[in-house]
Amino acid sequence: MTCASAGADAVDGKQESIADEPGAAFERALLPAVLFDNRPTPEWTLPARMVRHHVPGVSIALIEDGRIAWTQGYGTIRSDSGTAVNTTTRFQAASLAKLMTAVAALRLVDRGDLQLDQDVERKLVSWKIPANPFTANSPVTLRRLLAHRAGTTVRGFRGYGEGEALPDLRHILAGQPPANSPAVIVDAAPDSAERYSGGGYQVVQQLVEDVTARPFAEVVHRRVLAPAGMSLTVVGPEPPAMSACGHGHDGAPVAGCAHRYPETAAAGWWTTPDDLARLMLSLSHAYLDDGNDGLLASATARTMLTPVADSHMGLGPGVHGSGESLHFDHAGWNRGFRARLLMYPRLGKGIVVMANGDGGDVLIEEIVRAAARIHQWPDFQPTRRTVATLTPAALAARAGEYAMDAGFVLSIEPWENHLRVRTPRGTEHAFHPLDGDRFVDPEEGAELRFQALPDGSGATLSLWGMQGRRITRANP
């Protein structure tokens, strides 16, 4: 079921044995987001959790002591295939592409080709940001684009299914067919607030191409992939050889194996955890200015890994903590794929996890908590709560169908000593009572709250940032 590598630094039997130890530890140490004080800690194994979340394949790279200590693949590249995931299997990077795009742009800053705080309109040649009233006194700059503070629109992209025509960059920016996303515009004052914008990263792609007069993929290969030793990373929407297929929440393969993402800078890369770990180590070396080769100048790396304004965003990754606890991270969601990376530069610790299933985001967090537990990270530990005991009647009183303000219906029913919540996409969630009105899902840590309407006409709930009202009670 697995394919393991001891990592580039394992040169003798003793080191290889040490490198193999994390695999066995990961497989039996996965943890939920919430542990209950008055219930035993669950014994979760990686293979069982992959089945639970309908994820056929996972690939992991672990960083310890400032090196890639261990890499391993689990499961298969496709649910109906016997081909095993190994350490060279490529997954869609999804939004992890933004981190690599940021590095490429900052490499051009180090060369003097771009400036962080210059109006990008001065460098854009083949396309211009549509005229708007918001940039008169506050321009769109590279710093603001990388930190999601440029006021640009289009949060994300849904990709293109099997047989759909792919737009070029100009059509994507203009929102013109065959693009399936709206035009990228500025509809808020730059630097007035943080707002995640994949569209802004497509502006960065155009900026890089206009400044270098070269295709984006060529610039990235020369400035990032080759010097970082990322030999398996491919820039572009088409699935390369040795790549995984995406899967839905139900575990069924995505039609055509994967959606295509021509929005290259924001989402359109294929890579491996090992390659991403190499990038994270290079950024860490530059940040620490420790004498090792880094892709960026030390000052540039420190700027990249410093939160902008009052946010947790650096120039590309999220940045959290301080001192030895400082770490940078990024998550990625494409249709059928999930990915996550995080790195503590001062501690020399980190992890990259990539999965070929929509349920992989929850699974990845379980793996991250296992790494934090085993390798004594300062963060990512489960929270602790005390579960309550409710009567069957009290549980049944909350059951029914609830119309959510996002336009779908949740089904809630009593199940053993908790509530089972079913979503239209086919996922099920177990919510355990904290008291009569508050319930928590230990897997993800989400809290469900009920409230009776003052007029006695029914009940409402809040969950996942949404509100719902009961439209049908369960049968007594």
Side-chain angles (χ1 to χ4, degrees), residues 95 97-157 167-177 179-216 219-220 262-268 299-300 303-319 330:
S95 285
K98 295 180 179 68
L99 174 63
M100 296 182 276
T101 294
V103 174
L106 292 173
R107 290 272 285 170
L108 296 179
V109 171
D110 279 346
R111 285 172 47 86
D113 296 330
L114 290 173
Q115 298 178 29
L116 279 174
D117 297 311
Q118 183 182 64
D119 188 340
V120 297
E121 285 288 89
R122 296 177 59 181
K123 295 289 188 178
L124 287 169
V125 177
S126 54
W127 174 86
K128 294 289 187 179
I129 295 172
N132 66 88
F134 301 101
T135 56
N137 299 312
S138 186
V140 172
T141 67
L142 178 59
R143 185 191 303 271
R144 291 168 178 174
L145 286 168
L146 296 180
H148 299 282
R149 299 183 66 88
T152 49
T153 57
V154 188
R155 177 178 176 84
F157 302 96
D168 60 19
L169 178 56
R170 203 74 54 79
H171 287 104
I172 293 167
L173 291 169
Q176 296 174 345
N180 61 15
S181 54
V184 179
I185 63 173
V186 174
D187 70 350
D191 208 34
S192 60
E194 178 188 318
R195 183 177 63 185
Y196 194 85
S197 173
Y201 270 71
Q202 292 310 118
V203 177
V204 174
Q205 179 176 338
Q206 186 67 71
L207 182 66
V208 168
E209 291 189 349
D210 284 349
V211 166
T212 62
R214 308 301 299 174
F216 182 72
V219 176
V220 166
E263 301 87 2
T264 311
T300 305
T303 298
M304 181 186 195
L305 301 183
T306 297
V308 177
D310 58 351
S311 74
H312 290 292
M313 280 301 306
L315 303 187
V319 183
H330 213 300

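When only modelled atom types and interatomic distance are considered, K98 and S95 share a side-chain donor-acceptor pair under 3.5 Å.
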- Message: Apply side-chain contact (heavy atoms from CB on, under 4.5 Å) to residues I129 and E121 and explain how you reach the verdict.
- Response: CA-CA 7 Å; I129 295 172; E121 285 288 89; 3.6 Å; yes
- Evaluate side-chain contact (heavy atoms from CB on, under 4.5 Å) for Q118 paired with T141, printing each intermediate quantity in order. CA-CA 6 Å; Q118 183 182 64; T141 67; over 6 Å; no
- Task: Verify side-chain contact (heavy atoms from CB on, under 4.5 Å) between L106 and L116, making sure each step is shown before the conclusion.
- Result: CA-CA 8 Å; L106 292 173; L116 279 174; 3.8 Å; yes
- Item | Residue pair T303, R143: steps toward the side-chain contact (heavy atoms from CB on, under 4.5 Å) verdict | CA-CA 10 Å; T303 298; R143 185 191 303 271; 3.7 Å; yes
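Here the closest non-hydrogen pair linking D191 and S138 is CB-OG, 4.5 Å. Between V220 and A104, the shortest heavy-atom contact is CG2-CB, 4.1 Å. The two residues G200 and L145 make their nearest non-hydrogen contact at O-CD2, 3.6 Å. Heavy atoms only, all atoms of each residue included: A183 and T153 are closest at O-OG1, 3.3 Å. Here the closest non-hydrogen pair linking V140 and P190 is CG2-CG, 4.1 Å.
Between the side chain of D210 and the main chain of V125, a donor-acceptor pair closer than 3.5 Å is present. Under the 3.5 Å distance criterion, the side-chain polar atoms of T101 are left unmatched by any main-chain donor or acceptor of L99. Side-chain atoms of E263 never come within 3.5 Å of backbone atoms of G198 as a donor-acceptor pair (strictly under, hydrogens ignored). Listed for the R144 side chain is no donor-acceptor partner under 3.5 Å among the backbone atoms of A150.
Atom CG of L169 and atom OG1 of T264 lie 7.5 Å apart (nearest 0.5 Å). With rounding to the nearest 0.5 angstrom, the OG1 atom of T212 is 9.5 Å from the CZ atom of R111. The line from CG of D113 to NZ of K123 is 7.5 Å long, rounded to the nearest 0.5 Å. Distance check, rounded to the nearest 0.5 Å: OG1 of T152 to CD1 of I185 gives 10.0 Å.
A search for ring-ring contact (aromatic ring centres under 6.0 Å, His included) contacts involving H148 returns Y196, Y201, not counting sequence neighbours. R195 meets the salt bridge (charged side-chain N to carboxylate O under 4.0 Å, His left out) test with D187; sequence neighbours excluded. Not counting sequence neighbours, R107 has no partner by the salt bridge (charged side-chain N to carboxylate O under 4.0 Å, His left out) test. With sequence neighbours excluded, no residue forms a ring-ring contact (aromatic ring centres under 6.0 Å, His included) with F216.
Between V319 and M313 there is no side-chain heavy-atom pair separated by less than 4.5 Å. Proximity of Q115 to V109: side-chain heavy atoms (C-beta onward) are nowhere separated by under 4.5 Å. Residues R149 and S197 form no side-chain contact, since every pair of their non-hydrogen atoms from C-beta on lies 4.5 Å or further apart. Residues E209 and S126 form no side-chain contact, since every pair of their non-hydrogen atoms from C-beta on lies 4.5 Å or further apart. In this structure the side chain of V120 never reaches within 4.5 angstrom of the side chain of P139, judged on heavy atoms. The closest side-chain heavy-atom distance from V203 to W127 is below 4.5 Å.
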Would you mind writing out the side-chain donor-acceptor pairs for residues 130-137 within the sub-3.5 Å range, not counting sequence neighbours?
from: N132; atom 1: OD1; to: F134; atom 2: N; distance (Å): 2.8
from: N132; atom 1: OD1; to: T135; atom 2: N; distance (Å): 3.2
from: N132; atom 1: ND2; to: P130; atom 2: O; distance (Å): 3.1

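Residue pairs satisfying the side chain to side chain donor-acceptor pair (under 3.5 Å) criterion with at least one member in residues 305-315, sequence neighbours excluded, are listed as follows: E194-S311.
A salt bridge does not link R170 with D168: every distance from a Lys NZ or Arg NE/NH1/NH2 to an Asp or Glu carboxylate oxygen is 4.0 Å or more.
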